[in-house]
There are 2 protein chains.
Amino acid sequence: MVTLKEIAKRCDVSVSTVSNILNGIPKVSEETRQKVLQVIRETGYQPNYIAQGLRKKKTKLIGIIAEDISLFSTPIIIESIMSYCEAKNYRTIMVNLRLYARWNEQWYHDEEEYNSVLNPAIQELLSIKVDGIIYVPGHARNMRCFARDFKIPAVMTYGYTHTPEFPSVVIDDEKGGYDMTEYLLKMGHRRIGIIGGRKDNIHMDKRLLGYQRALFDRQIFYNPDLVCYGNWDRECGYEGAKILIKKNVTAIFCLSDVIAGGVYDYLEENELEAPEDISVVGFDDQVIAQYFRPSLTTAALPLKEIGKKAAELLIRSLDGDEEQTENQSGEVALPCSVIIRKSVKKLL
Amino acid sequence: MVTLKEIAKRCDVSVSTVSNILNGIPKVSEETRQKVLQVIRETGYQPNYIAQGLRKKKTKLIGIIAEDISLFSTPIIIESIMSYCEAKNYRTIMVNLRLYARWNEQWYHDEEEYNSVLNPAIQELLSIKVDGIIYVPGHARNMRCFARDFKIPAVMTYGYTHTPEFPSVVIDDEKGGYDMTEYLLKMGHRRIGIIGGRKDNIHMDKRLLGYQRALFDRQIFYNPDLVCYGNWDRECGYEGAKILIKKNVTAIFCLSDVIAGGVYDYLEENELEAPEDISVVGFDDQVIAQYFRPSLTTAALPLKEIGKKAAELLIRSLDGDEEQTENQSGEVALPCSVIIRKSVKKLL
DNA sequence: TTGTACGCGTTATCAG
DNA sequence: CTGATAACGCGTACAA
């Protein structure tokens with residue numbers, strides 16, 4: 001690694017002079033300035049960020065903690081965080097908790113084990129002296145990963161912190177559920193089945209709430225029999241379809257695209273066709289949705305927007321624009337958007 | 001951040017004592033030992049890795065440079081690297097170059113701009129004093145990202161360094177092309193079209209070479225007219241299918257699953273069905289392949305194996321097992337595996 | 001057991 | 001204008 005000292009030696013000047021030049025302090029002769037800049041270019045010198053952070057307060061470095069980068073939503077959020085940070089002249093670095101790979105959906109059950117993975121990661125970022133941290137969970141839930149006395153700014157994506165010190169940037173699941181249901185209603189569907197996750201899942205709860213509100217707004221009774229709880233997977237889509245089709249629904253609202261994949265499986269097996277025989281919609285707008293036949297109408301998650309907003313909130317607090325607080329609770333919910341493809345039929 | 005000094009103060013001992021206890025140096029009374037350990041547990045103290053690396057040679061930290069984590073292959077490789085590193089007691093940290101988001105497929109055309117993104121990333125990892133670096137490109141090509149005088153061990157995945165100092169762990173594309181072609185031949189196909197990437201693309205070249213060798217082994221003439229060069233995208237699959245079907249192929253070998261998606265598009269539009277009317281195979285075994293109808297026979301990339309091997313090579317060199325060199329050139333090629341699904345028909 | 005110099009690369013301060 | 005030197009933070013190593 002080329003250091004300041006080396007540059008100084010090569011140019012026969014002191015480190016101070018080189019440092020001054022680099023930091024634009026003007027009391028340097030143009031001659032030495034040019035010479036030093038020349039050598040810096042030649043050697044490809046870059047400052048050591050850590051050492052810089054040692055003296056200056058700020059490292060201009062933001063740490064990202066990902067619960068698991070294998071989950072489809074995570075890379076997109078991270079990409080977006082990084083893009084925004086770069087535009088604002090912050091560098092980023094990431095640690096991956098590998099929670100999913102480790103415990104496969106069970107991660108939030110054992111607090112202690114969770115902490116044994118989280119704490120070293122936080123420590124690592126603190127060691128590097130990041131200016132702030134953004135946390136990217138695999139799915140929405142209530143998070144307590146930052147102690148109240150956490151010393152640096154932190155922003156939560158996806159999860160709910162319920163503490164104004166650590167803003168949450170989340171999906172507006174309720175509105176997502178509402179909008180999709182409303183779309184189906186607009187297309188003439190009145191008997192709409194739902195297949196989703198477990199009862200205690202936040203995404204499930206909120207989307208279901210939105211579904212109910214949309215029905216309510218059209219004065220349609222909510223029928224709990226048309227709701228299948230499951231595991232977000234293809235299999236529960238298959239099983240859900242089996243149940244719901246017997247109950248004569250005209251549309252199935254799958255709370256993930258993967259679930260919709262299972263519904264399609266059932267349809268194929270039983271020689272039914274979407275959207276002719278039954279309409280199907282998904283949620284997430286994963287890549288697979290574009291390859292379904294018929295291509296799947298679904299709700300796109302605002303992943304890019306979440307990343308951007310989270311980075312924006314963090315950097316704003318780092319750069320000291322304290323006046324601006326999004327709202328009292330520090331919670332920002334971003335809307336999904338219905339992506340209309342070919343899996344829904346308009347009823348008469 | 002809780003520091004050693006704080007622990008020492010709380011326990012009314014010196015930092016040295018605490019350090020000694022932490023490092024298992026036995027000249028400490030059991031009494032103070034217990035007390036200190038107690039406080040360490042209470043405070044959740046974790047050593048500052050950077051400060052540790054300051055004095056010790058090793059930080060036990062491995063840096064990963066990803067060209068773009070949005071590409072499907074990258075998270076899987078990284079996940080696997082991290083898994084192996086963790087098992088070997090190394091921590092990992094990642095920087096993301098965002099090359100694809102930045103320049104969209106053009107990234108390797110402008111050396112200078114590439115370096116302006118790469119160098120700060122390397123510098124960042126060097127600042128943190130990582131023990132070694134693993135580079136994860138978006139696709140195979142010849143890489144020159146580590147100068148010959150690079151001071152720390154580095155391993156390349158996917159790309160070819162052609163320098164024994166920096167081992168390459170790559171996909172065995174030639175064998176992949178061979179195996180898939182051989183599978184189609186075994187299924188009775190003789191006239192097999194290919195749709196792939198551009199002429200200068202390494203994946204394309206090698207898979208095509210494997211295709212030719214497989215034909216050769218069965219004494220079938222290679223017909224360059226059955227090869228469509230393209231852009232790896234869905235569109236070129238569609239266009240390729242249009243061309244190849246006119247040429248009466250019985251099977252289309254798509255060099256990516258996405259291309260196969262385009263082929264399916266063409267089939268649907270023209271009321272043809274795979275595998276009845278024509279057999280189709282893909283490459284990559286992306287998630288979408290499982291959702292195609294019929295589900296797509298394809299070649300699974302050894303992404304996990306690549307990550308593991310790369311980490312293994314790096315850690316081996318860090319831990320000083322110098323005797324072991326995989327082979328002279330430092331290049332390890334790992335095989336793909338044909339995943340048989342339902343898109344290929346057995347002829348007669 | 002403890003005190004303390006040392007390692008790192010940079011910046012801030014002040015003297016020349 | 002330029003240079004010498006302290007300070008930054010934290011853990012380690014070694015002498016006391």
Side-chain angles (χ1 to χ4, degrees), chain A residues 1-37 40 43-61 91 120 123-131 151-152, chain B residues 1-37 39-40 43 45-61 120 122-131 151-152:
Chain A
M1 199 159 54
V2 191
T3 67
L4 248 201
K5 203 189 281 183
E6 269 173 65
I7 303 288
K9 192 188 287 178
R10 271 178 209 249
C11 298
D12 249 332
V13 295
S14 70
V15 285
S16 320
T17 303
V18 181
S19 176
N20 285 336
I21 290 168
L22 246 12
N23 293 294
I25 288 162
K27 36 183 181 173
V28 183
S29 77
E30 192 53 28
E31 191 186 2
T32 47
R33 220 178 78 85
Q34 287 309 328
K35 185 173 161 194
V36 168
L37 286 177
I40 285 173
T43 54
Y45 165 82
Q46 304 234 185
N48 182 310
Y49 304 122
I50 298 295
Q52 236 170 18
L54 212 57
R55 290 249 65 196
K56 304 208 281 200
K57 298 273 202 173
K58 300 287 150 193
T59 49
K60 284 271 188 181
L61 183 59
R91 288 162 300 111
Q123 191 64 22
E124 193 157 319
L125 293 178
L126 292 178
S127 291
I128 297 168
K129 298 251 168 291
V130 296
D131 289 342
K151 311 104 264 185
I152 61 172
Chain B
M1 198 158 52
V2 191
T3 67
L4 244 203
K5 203 188 281 186
E6 268 174 64
I7 303 289
K9 192 187 286 178
R10 272 178 208 249
C11 299
D12 249 330
V13 295
S14 70
V15 286
S16 320
T17 304
V18 181
S19 177
N20 285 337
I21 291 168
L22 248 10
N23 294 295
I25 288 161
K27 35 185 180 172
V28 183
S29 79
E30 191 55 26
E31 189 186 3
T32 47
R33 221 179 78 85
Q34 286 310 328
K35 185 173 161 194
V36 168
L37 286 177
V39 174
I40 285 173
T43 55
Y45 166 81
Q46 305 236 182
N48 182 310
Y49 302 122
I50 297 295
Q52 234 171 21
L54 217 54
R55 294 246 72 198
K56 302 210 280 201
K57 297 273 202 178
K58 300 289 151 193
T59 50
K60 284 271 187 181
L61 183 59
I122 289 182
Q123 191 64 22
E124 193 157 321
L125 294 178
L126 292 179
S127 292
I128 297 168
K129 298 248 169 292
V130 296
D131 289 342
K151 312 103 258 180
I152 62 172

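In the text below, chain A, chain B and the rest are named by the order of the sequence lines, each starting its count at 1. As the structure is a prediction and not an experimental result, all values here were calculated from the model. Heavy-atom basis, side chains included; hydrogens, waters and symmetry copies ignored.
Contact annotation: side chain of Ser16(A) to base of dA4(D), donor-acceptor pair present below 3.5 Å.
Taking atom CD1 on Ile7(B) and atom C1' on dT12(D), their separation rounds to 16 Å, with Å as the unit. A straight line from CD of Glu6(A) to C1' of dG9(C) spans 11 Å, rounded to a whole angstrom. For Asp12(B) and dT1(C), the CG to P distance is 13 Å, given to the nearest whole Å. Rounded to whole Å, the distance from CD1 on Ile21(B) to P on dG11(D) is 14 Å. Between Glu124(A) atom CD and dC10(D) atom C1' there is a gap of 16 Å when expressed in whole angstrom units. Lys9(A) places its NZ atom 14 Å from the P atom of dT10(C), with the value rounded to the nearest Å. Taking atom CD1 on Ile25(A) and atom P on dT11(C), their separation rounds to 9 Å, with Å as the unit. The separation between Lys56(A) atom NZ and dA12(C) atom C1' is 12 Å, rounded to whole Å.
Using a 3.5 Å distance cut-off with no hydrogens or angles, the side chains of Thr17(A) and Ser14(A) do pair a donor with an acceptor.
Partner of Ile21(A) under the side chain to side chain contact (heavy atoms under 4.5 Å, CB included) criterion, chosen from Val13(A), Ile40(A), Leu37(A): Leu37(A). Applying side chain to side chain contact (heavy atoms under 4.5 Å, CB included) to Asp131(A) and the options Ile152(A), Thr59(A), Leu61(A) leaves one that passes, Thr59(A).
Using a 4.0 Å heavy-atom distance criterion, Tyr45(B) is classed as a sugar-phosphate-only contact. Using a 4.0 Å heavy-atom distance criterion, Thr32(A) is classed as a sugar-phosphate-only contact. Note on Asn20(B): a base of the nucleic acid sits closer than 4.0 angstrom, heavy atoms only. Across all strands, Val18(B) comes closer than 4.0 Å to no nucleic acid atom at all (heavy-atom distances).
Side-chain atoms of Leu4(A) and Tyr45(A), non-hydrogen and from C-beta on, do get closer than 4.5 Å to each other. Between Lys9(B) and Lys5(B), the closest side-chain pair of non-hydrogen atoms is not below 4.5 Å.
Which of dT11(C), dT1(C), dT12(D) sits closest to the side chain of Asn23(A) comes down to dT11(C). Of all nucleotides listed (dT4(C), dG11(D), dT11(C)), dG11(D) comes nearest to the side chain of Asn48(B). The side chain of Ser14(B) sits closest to dG3(C) out of dT12(D), dG3(C), dA12(C). Closest contact between the side chain of Lys129(A) and the listed nucleotides dT12(D), dC10(D), dT2(D) involves dC10(D).
The closest donor-acceptor contact from the side chain of Ser19(B) to the backbone of Val15(B) lies at 3.5 Å or more, if one exists at all. A donor-acceptor pair under 3.5 Å is absent between the side-chain atoms of Gln46(B) and the main chain of Gln123(A), judged by distance alone.
Separation of atoms CZ (Arg33(B)) and SG (Cys11(B)) is listed at 13.0 Å; rounding is to 0.5 Å.
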What N/O pairs connect the protein and nucleotides 6-8 of chain D at under 3.5 Å? Give each pair on its own line.
| unit_1 | atom_1 | unit_2 | atom_2 | d |
| --- | --- | --- | --- | --- |
| dA7(D) | N3 | Arg55(A) | NE | 3.3 |

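Taking side-chain N and O atoms only, Ser19(A) has a distance below 4.0 Å to OP1 or OP2 of dT11(C). A sub-4.0 Å separation between OP1 or OP2 of dT1(C) and a side-chain N or O of Ser29(B) is present. Regarding contacts with the backbone of dG9(C), every side-chain N or O of Gln52(A) stays at 4.0 angstrom or more from both OP1 and OP2.
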